[in-house]
Amino acid sequence: MQEELRGQVDGVGPGPSPDSARYVAGLDVAYDGDELAAAIVVLDGQSLVEVDRSIVLGRTGFPYVPGLFAFREIPVLLEALGKLSVTPDLLVCDGQGLAHPRRFGLACHLGVLTGLPTIGVAKNAFVGTFLPPAAERGASSDLVLDGEVVGAVVRTQKAVKPVFVSVGHRVDLATAVAHTLHLTPKYRLPETTRAADHACRSALTS
DNA sequence: GCGACAG
DNA sequence: ATCTTGTCGC
């Protein structure tokens with residue numbers, strides 16, 4: 001399925017610029033055994049103030065298998081997307097986009113299924129090789145797989161572990177990196193990801 | 001064959 | 001992803 005759908009990915013974009021994106025959404029899922037809670041939090045692209053959110057409780061329907069991660073989270077994320085009252089201009093996914101063994105990680109998959117612009121911002125590398133970016137915030141290096149640049153290793157805070165940014169759908173890599181830096185004025189991870197993480201975690205506890 | 005492996 | 005213990009810093 002991934003090898004078939006990847007042909008529909010638009011990795012050129014260029015996609016909305018950080019200053020033109022009205023609504024930017026963060027998506028995340030928390031687990032407790034086979035119970036799960038998905039959250040999508042939409043922030044105003046300029047003020048980064050929350051404007052909408054959607055929470056869905058459910059049960060795991062697919063195990064975590066490296067390379068097939070999307071099949072675990074996509075069903076519940078699509079359900080949560082359907083409950084939003086606004087349409088995001090960009091989805092910031094917690095995981096990889098093109099930086100995937102078959103070039104079709106969660107961000108690409110969600111982008112193709114929804115038609116919305118998406119990027120992947122992961123906490124860890126999954127595939128590819130890279131040199132550590134300089135210690136300054138904003139520094140970055142190429143993430144290379146089979147001689148091809150599949151993502152960027154981006155330092156979002158000085159001397160802090162970098163994040164792994166890759167194209168999802170309808171956004172180019174440079175724009176994806178620009179969004180990542182725009183969304184990390186203070187912390188390592190995007191405010192969108194942080195907001196969604198907190199939201200699904202508290203929803204699971206409740 | 002062995003190790004590594006987004007979340 | 002989740003869990004646990006300790007440490008650092010605002």
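With rounding to whole Å, A:Phe62 atom CZ is found 17 Å from B:dG7 atom P. As rounded to whole Å, 15 Å separates atom C1' of C:dT2 from atom CD of A:Glu35. For A:Arg102 and B:dA6, the CZ to C1' distance is 12 Å, given to the nearest whole Å. Straight-line distance from the CZ atom of A:Arg72 to the P atom of C:dA1: 11 Å, rounded to whole Å. A:Lys123 places its NZ atom 12 Å from the C1' atom of C:dT2, with the value rounded to the nearest Å. Following rounding to the nearest Å, A:Tyr31 (OH) and B:dA6 (P) show an atom-to-atom distance of 14 Å. Rounded to an integer number of Å, the gap from OH of A:Tyr64 to P of C:dA1 is 10 Å. Between A:Phe164 atom CZ and B:dG7 atom C1' there is a gap of 14 Å when expressed in whole angstrom units.
Checking the phosphate oxygens (OP1, OP2) of B:dG7, a side-chain nitrogen or oxygen of A:Asn124 falls inside 4.0 Å.
A:Ala125 comes within 4.0 angstrom of sugar-phosphate atoms only, judged by non-hydrogen atoms across all strands, and of no base. In this structure, A:Gly120 reaches neither bases nor backbone, as no heavy-atom distance under 4.0 Å exists between it and the strands shown. If you check every strand for non-hydrogen atoms under 4.0 Å, A:Phe69 touches a base. Contacts of A:Leu27 with the nucleic acid, taken as non-hydrogen atoms under 4.0 Å apart, are absent.
Nearest approach of A:Asp94 to A:Leu106, heavy atoms of both residues: O-CD2, 4.1 Å. In terms of heavy atoms, A:Ser166 sits closest to A:Leu173 at CA-CD1, 4.2 Å.
A:Arg137 and A:Thr184 are linked by a side-chain donor-acceptor pair at a separation below 3.5 angstrom, with hydrogens and angles left out of the test. Between the side chains of A:Gln157 and A:Arg188, not a single donor N or O lies within less than 3.5 Å of an accepting N or O.
If you check B:dA6, B:dG7, C:dT2 against the side chain of A:Leu204, the one that comes closest is C:dT2. Side-chain atoms of A:Ala30 lie closest to C:dT2 of the nucleotides B:dC5, C:dT2, B:dG7.
A cation-pi geometry, defined here as NZ or CZ lying under 6.0 Å from the six-membered ring centre and within 45° of its normal, does not hold between A:Arg59 and A:Tyr31.
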